[in-house]
Amino acid sequence: MTSIRLIVDGRQVADEVEPRTLLVQYLREQLGKTGTVIGCDTSNCGACTVHLNGRSVKSCNVLAVQADGGEVTTIQGLAPAGELHPVQEAFREWHGLQCGYCTPGMIMQAVDLLNENPSPSEEAVRAGLEGNLCRCTGYHNIVAAVRHASELMANRQPVGSGADA
């Protein structure tokens with residue numbers, strides 16, 4: 001067993017894990033973060049995408065010990081205040097899902113994409129989501145949702161800006 005310490009969804013955790021434990025297994029089985037979905041176990045589908053130190057990773061392709069000392073954000077920690085993150089809201093508004101299986105990973109990848117490129121073109125969205133597969137949709141609504149989320153995020157007032165006072 002190997003000791004690991006990390007921050008998951010804003011909470012400090014420390015555990016003992018088998019060195020071969022995948023991050024997705026650790027998140028789901030030891031921490032109960034079942035919003036992170038196991039899809040293909042081969043890093044092809046992206047359903048298990050989370051953020052590790054602010055960047056999206058396929059958690060079936062990362063060992064839990066590799067995340068030691070890092071910060072992980074799952075779909076469950078994306079909007080900790082109980083409100084939907086703008087990308088989650090846009091997926092809901094624009095029907096960017098059908099069965100929902102790929103949705104957590106797709107949303108986490110979209111957030112990373114929008115952090116890198118706050119106003120992406122349709123082509124940039126398609127390229128940015130390339131490693132995340134959806135078996136139900138034709139991607140049209142997903143792309144529209146991401147583009148709408150970029151607008152929502154651009155119009156969002158930061159906390160403490162005086163707009164909420």
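These numbers come from the heavy atoms of this one structure, side chains and all, not from hydrogens, waters or symmetry mates.
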Exercise. Among the clusters formed by ILVMFWY side chains lying less than 4.5 Å apart, do Val57 and Leu31 turn up in the same one?
Worked result: yes
Problem set entry | Approximate separation, where rounding is to 0.5 Å, of Leu27 CG and Thr36 OG1 | 5.0 Å
Exercise. Between atom CD of Gln98 and atom SG of Cys134, what is the distance when rounded to the nearest 0.5 Å?
Worked result: 6.5 Å
Exercise. Is any side-chain heavy atom of Ile75 less than 4.5 Å from a side-chain heavy atom of Lys33?
Worked result: no
Exercise. Do Phe91 and His148 have side chains that get closer than 4.5 Å, going by heavy atoms?
Worked result: no
Problem set entry | Ser150 and Pro120, any side-chain heavy atoms less than 4.5 Å apart | yes
Exercise. Got Glu18 and Gln25 here, is their nearest side-chain heavy-atom distance under 4.5 Å?
Worked result: no
For this session: Please round to the nearest 0.5 Å and tell me the distance separating atom OG of Ser56 and atom CG of Leu52.
Result: 10.0 Å
For this session: State whether the side chain of Asn155 and the backbone N or O of Glu151 hold a donor-acceptor pair below 3.5 Å, judged by distance alone.
Result: yes
Exercise. Going through the checks in order, is the side-chain contact (heavy atoms from CB on, under 4.5 Å) test met by Met108 and Thr73?
Worked result: CA-CA 9 Å; Met108 297 305 288; Thr73 304; 4.2 Å; yes
Problem set entry | Donor-acceptor pair, side chain of Asn132 and main chain of Gly46, under 3.5 angstrom | yes
For this session: Before accepting this row, confirm whether a basic side-chain N of the pair Arg11/Glu71 lies closer than 4.0 Å to the acidic partner's carboxylate O.
Result: no
Exercise. So, do Tyr26 and Val13 sit near enough that their side-chain heavy atoms are less than 4.5 Å apart?
Worked result: yes
Problem set entry | Note: Arg126-Glu130 ion pair, threshold 4.0 Å (strictly below) | no
For this session: Find out if a path of hydrophobic residues (ILVMFWY) with successive side-chain heavy-atom gaps under 4.5 Å connects Leu133 to Ile107.
Result: yes
Exercise. Under 3.5 Å, is there a donor-acceptor pair between the Gln109 and Thr49 side chains?
Worked result: no
For this session: Taking all non-hydrogen atoms of both residues into account, name the closest pair between Val37 and Pro104 and its distance.
Result: CG2-CG, 4.0 Å
Exercise. Is Arg55 paired with Asp112 through a side-chain N to carboxylate O contact shorter than 4.0 Å?
Worked result: yes
Exercise. Rounded to the nearest 0.5 Å, how far does CD1 of Ile142 lie from CZ of Arg147?
Worked result: 15.0 Å
Problem set entry | Leu152 CG to His85 NE2 distance, which is reported to the nearest 0.5 Å | 10.0 Å
Exercise. Are Leu97 and Thr137 close enough that some pair of their side-chain heavy atoms sits under 4.5 Å apart?
Worked result: no
Exercise. Are any of the side-chain heavy atoms of Leu22 and Leu63 separated by less than 4.5 Å?
Worked result: yes
Exercise. Linking I/L/V/M/F/W/Y whenever any side-chain heavy atoms sit under 4.5 Å apart, do Leu78 and Met106 land together?
Worked result: yes
Exercise. In Å, rounded to the nearest 0.5 Å, how long is the span from CZ of Arg28 to CD1 of Ile38?
Worked result: 5.0 Å
Seminar exercise, completed: In short, Ser59 meets Cys48 closest at the heavy-atom pair OG-O, 2.7 Å
For this session: List the atom of Cys45, the atom of Gly39, and the distance in Å for their closest heavy-atom pair.
Result: SG-CA, 3.7 Å
Problem set entry | Enclosure of Gln12 CD (heavy-atom neighbours >12, cutoff 6.0 Å) | yes
For this session: Identify the heavy atoms of Gly131 and Lys58 that sit nearest to each other, and give their distance.
Result: O-NZ, 3.0 Å
For this session: Say whether Val50 and Leu113 are linked into one hydrophobic cluster, either directly or through other cluster members, by side-chain heavy-atom distances under 4.5 angstrom.
Result: no
For this session: Using a strict 4.0 Å threshold on nitrogen-to-oxygen distance, state whether Glu89 and Arg92 make a salt bridge.
Result: yes
Problem set entry | ILVMFWY cluster, Val125 and Val111 together (side-chain gap under 4.5 Å) | yes
